[in-house]
Amino acid sequence: MFKLKPSCKDYIWGGHRLVEEFGKEYDGNVLAETWELSCHPDGPSVIANGVWEGKTLQQYIEEAGEEVLGTNCQRFREFPVLIKFIDAKDNLSIQVHPDNRYALQHEQQYGKTEMWYVVDAKEGAFLYYGFKHEISEKEFRERIENHTLLEVLNAVPVKKGDVLFIEAGTIHAIGKDILIAEIQQNSNVTYRVYDYGRIGKDGKPRELHIDQAIAVTNRTLPKANAKAYPHIASSDYFVVDKLTLDGTRTKTLSGTVSEASFVSILFLDGAGTIENSGEKMNYKKGDSFFLPAGSEDYRISGQCDALITTVGEKKDLIRIGIDIGGTSTKIGLADAENNLLATGKVETDYTKSPKELIGEIAAGVLKLLDENDIVMDQCSGVGIGVPGTVNRKNGEVLYSNNLKWENINLAEEMGRYLPLPIRIANDADCATLGEAAAGAGKGYDNMVMLTLGTGVGGGVIINGKLFTGSLQGGSELGHIVIKDKGRACTCGRKGCLEAYASATAMRQSAAEVYGNPMEPLDIFQAAKDNDKEAQKIVEQYIEDLGTGIINIVNIFRPEILLLGGGIAAQGEVLLKPIRERMKKECFGGNHGEIPEIRIASLGNEAGMIGAASLV
């Protein structure tokens, strides 16, 4: 249980009540805001007790692990919430906040949806919330420029205890003589459109952001604040409850901090004690506490009003799976049962810069979401399969020959467009995950998959989890040597399985026999038509593939081995002779357990489903 020390802000419209009435430690004349629960770099809160004393809340999370935030926070790339006290001695500027999509693209941080709890307000105090009536973009711009915007804004009188929910895109402003507790998304993006002609600390009029505000403002009538019963506010980013102990009839409250979410407690007034995890501390008006997820029961005693904030569960989440290929990129929207609800495709033009190509793929994702009326907040994350060597930990593509990429931070760049957790993996690993989750490998805890395409890729599932090893890049099954000093491989070695069992290898074999390359499909068809040379090529191909498979089976001892990729479409032509060899040559033979060998069932969908399974 941590008591937090806030970050203090001295904006020109602020007063001094947070020092005088709430006991905030601050030496300046103006204290406009205190950021009570914050991991934002513009104003992090600091732990004030225990072994983590002096660390920022963000440092604690990074060192202790994201588990302290709870499972409901896994869908966010960053700590989702920022909580403030705001003391408005004067009117705040008329402003608007962008949504996630716009803010990520233009500001490289999240947008902002927020709620206000009115802690105190003088008689006659009011704030602005939306427009009185719908206005055009032209009128909006003209009223900003001729300083008549206030004439069309919706003024809302407020009193202590009132709650307003401010969605991104809603124009708003806190009026003077109001003290507010604000719970918001973890963002500091604000577009100011009118500021009463005030002069900033630099002696110049404060900056306005007219073009940005016009781009993001909803100019229709504001939505009525929906009831969030049993909560006072509920959104995709935070759930807020009000606690009142009158000290007589109601003196204590007990609750539980589950594994699902941390608990933030902001005391608006009163005094008493709070207990959690065997620790007991005093609280007073203005104090802020953070209780890590899974810290079990807590108990608050005394007399107080407080706001309790958690992150709620999001149901029916959609996962985005992206399978980047050499010629096209496939995009799928998967539900919790690994069903593809919708798919799309974008041309993979590797002649473009990585930044351009990633932007086009992101645009394809946004288009697919729009076509299916799925909002970004309904998505839990993005998984991306990419050919080449990847660093899954930091989302970087170290090298991709197919895409001509080197040291490209794919997760970071894609995150400029998609404000979601982003995970990447090798494309063959994603195909393996897809087959394990929803294809021919479903129900097996130990599985190997080989993809027989331009190269030979593959993936390994051990005890239900994708095997990645401790080195970057994961498993490279196509680069086990099956012939000492054999054919040169693209990896630089000689005799690799890929040099004999890929489509490229079959073309090379045909060129050696016929003087020109042939496509694998044509070679197999010629063999069926009794072309003796083609039959020799196919027999040797199956022999070499079988050698590689037996080596892999002897190493991993899987329950099932799947073959995917274009050549795998030959089905039993490949499987029957390899099964017979496995009975004779796999370690233990008939005395041991010989794994099943099958053709993968998902085809082009495997990569999308597997990529979605990364999140």
Side-chain angles (χ1 to χ4, degrees), residues 1-11 14 17-19 21-28 30-70 73 76-87 109-110 112-117 119 179-190 237-240 243 257 261-269 274 276-277 279 281-293 295 298 300 304 306-311:
M1 176 171 62
F2 302 120
K3 183 178 179 181
L4 300 178
K5 182 179 179 180
S7 177
C8 298
K9 305 294 179 180
D10 62 347
Y11 306 133
R17 295 181 65 185
L18 295 175
V19 176
E21 300 175 27
F22 287 76
K24 300 301 175 182
E25 298 178 5
Y26 184 72
D27 295 331
V30 173
L31 180 55
E33 295 182 356
T34 54
W35 293 16
E36 299 291 338
L37 178 76
S38 172
C39 288
H40 199 284
D42 291 349
S45 47
V46 176
I47 294 172
N49 67 292
V51 296
W52 299 91
E53 183 176 356
K55 297 270 192 179
T56 66
L57 182 59
Q58 181 63 40
Q59 288 173 325
Y60 161 69
I61 294 168
E62 290 172 355
E63 295 181 32
E66 294 187 353
E67 294 81 6
V68 300
L69 301 183
C73 292
F76 300 108
R77 265 183 17 203
E78 302 171 355
F79 187 75
V81 182
L82 199 163
I83 298 178
K84 307 174 179 177
F85 279 123
I86 301 175
D87 175 19
Q109 61 175 302
Y110 281 105
K112 190 193 295 188
T113 287
E114 60 193 21
M115 64 83 64
W116 293 336
Y117 179 89
V119 179
L179 199 149
I180 275 177
E182 178 177 278
I183 291 88
Q184 59 161 85
Q185 278 183 265
N186 183 15
S187 171
N188 197 27
V189 179
T190 296
Y237 311 100
F238 50 78
V239 175
V240 185
L243 163 66
V257 190
S261 174
F262 67 88
V263 171
S264 165
I265 303 174
L266 183 68
F267 289 98
L268 309 178
D269 63 19
I274 178 171
N276 175 242
S277 298
E279 186 175 13
M281 298 179 67
N282 294 323
Y283 71 80
K284 65 181 187 310
K285 178 178 181 178
D287 282 349
S288 172
F289 289 85
F290 177 87
L291 281 59
S295 56
Y298 68 92
I300 300 172
C304 69
L307 298 181
I308 300 178
T309 301
T310 57
V311 175

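Computed over heavy atoms, backbone and side chain alike; hydrogens, waters and symmetry mates excluded. Model, not experiment: these values are computed from the prediction.
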Mind checking the [atom1]-[atom2] spacing from [X] to [Y]? Nearest 0.5 Å is all I need.
X: Ile86; Y: Tyr11; atom1: CD1; atom2: OH; value: 9.0 Å
X: Tyr298; Y: Leu291; atom1: OH; atom2: CG; value: 7.5 Å
X: Phe76; Y: Asn186; atom1: CZ; atom2: CG; value: 10.5 Å
X: Phe2; Y: Trp52; atom1: CZ; atom2: CH2; value: 7.0 Å
X: Glu66; Y: Phe79; atom1: CD; atom2: CZ; value: 11.5 Å
X: Glu21; Y: Leu179; atom1: CD; atom2: CG; value: 7.0 Å

Which is it for Asn49 and Glu279 under the side-chain contact (heavy atoms from CB on, under 4.5 Å) test, yes or no, and what are the steps along the way?
-> CA-CA 11 Å; Asn49 67 292; Glu279 186 175 13; 3.6 Å; yes
Name the orientation class of the two ring planes belonging to Phe22 and Phe85 (parallel below 30°, tilted from 30 to 60°, perpendicular beyond 60°).
->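 Because their plane-to-plane angle lies in the 30° to 60° range, the rings of Phe22 and Phe85 count as tilted.
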Classify the ring geometry between Phe262 and Phe290 as parallel (under 30°), tilted (30 to 60°) or perpendicular (over 60°).
->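 Correct class here is parallel.
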Criterion side-chain contact (heavy atoms from CB on, under 4.5 Å) against Met115, the qualifying member of Ile183, Thr309, Ile180 =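 That would be Ile183.
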Of Ile308, Ile265, Leu266, which is the lone residue that meets side-chain contact (heavy atoms from CB on, under 4.5 Å) with Leu243?
->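 The option that passes is Ile308.
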Measure the shortest side-chain to side-chain distance between [X] and [Y] over non-hydrogen atoms and say whether it is less than 4.5 angstrom.
X: Lys55; Y: Glu63; result: yes
X: Tyr110; Y: Arg77; result: yes
X: Asn188; Y: Trp35; result: yes
X: Phe289; Y: Ile300; result: no
X: Phe238; Y: Ile83; result: no
X: Asp87; Y: Leu31; result: no
X: Leu82; Y: Lys112; result: no
X: Pro6; Y: Ser45; result: no

Verdict with reasoning, Gln59 to Ile47, per side-chain contact (heavy atoms from CB on, under 4.5 Å) | CA-CA 10 Å; Gln59 288 173 325; Ile47 294 172; over 6 Å; no
Over 12 non-hydrogen atoms of neighbours within 6.0 angstrom of CD in Glu25 =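 No, not enclosed.
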Can you establish whether the number of heavy atoms outside Glu53 located under 6.0 Å from its atom CD is more than 12?
->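 Atom CD in Glu53 is packed in, count exceeds 12.
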Can you name the nearest heavy-atom pair linking Lys9 to Gly43, along with the distance?
->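 The pair with the smallest heavy-atom distance is NZ-CA, 4.0 Å.
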For Ala32 against Leu18, the heavy-atom pair lying closest together |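 Shortest heavy-atom separation between Ala32 and Leu18 comes out as O-CD1, 4.0 Å.
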With a 4.0 Å cut-off, would you call Lys24 and Glu36 a salt bridge?
->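 Between Glu36 and Lys24 there is a salt bridge, with a charged N closer than 4.0 Å to a carboxylate O.
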Which is it for Ser264 and Val81 under the side-chain contact (heavy atoms from CB on, under 4.5 Å) test, yes or no, and what are the steps along the way?
-> CA-CA 10 Å; Ser264 165; Val81 182; over 6 Å; no
Donor-acceptor under 3.5 Å (Ser277 side chain, Ser295 main chain) |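 Answer holds: yes.
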Determine yes or no for a side-chain-to-main-chain donor-acceptor pair under 3.5 angstrom, with Ser288 supplying the side chain and Leu37 the backbone.
->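 The answer is no, because no donor-acceptor pair under 3.5 Å joins these two groups.
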Given Gln109, which of Gln185, Glu78, His40 fulfils the side-chain hydrogen bond (donor to acceptor under 3.5 Å, both in side chains) condition?
->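 Among the candidates, only His40 passes.
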Verdict with reasoning, Trp116 to Glu182, per side-chain contact (heavy atoms from CB on, under 4.5 Å) | CA-CA 5 Å; Trp116 293 336; Glu182 178 177 278; 2.7 Å; yes
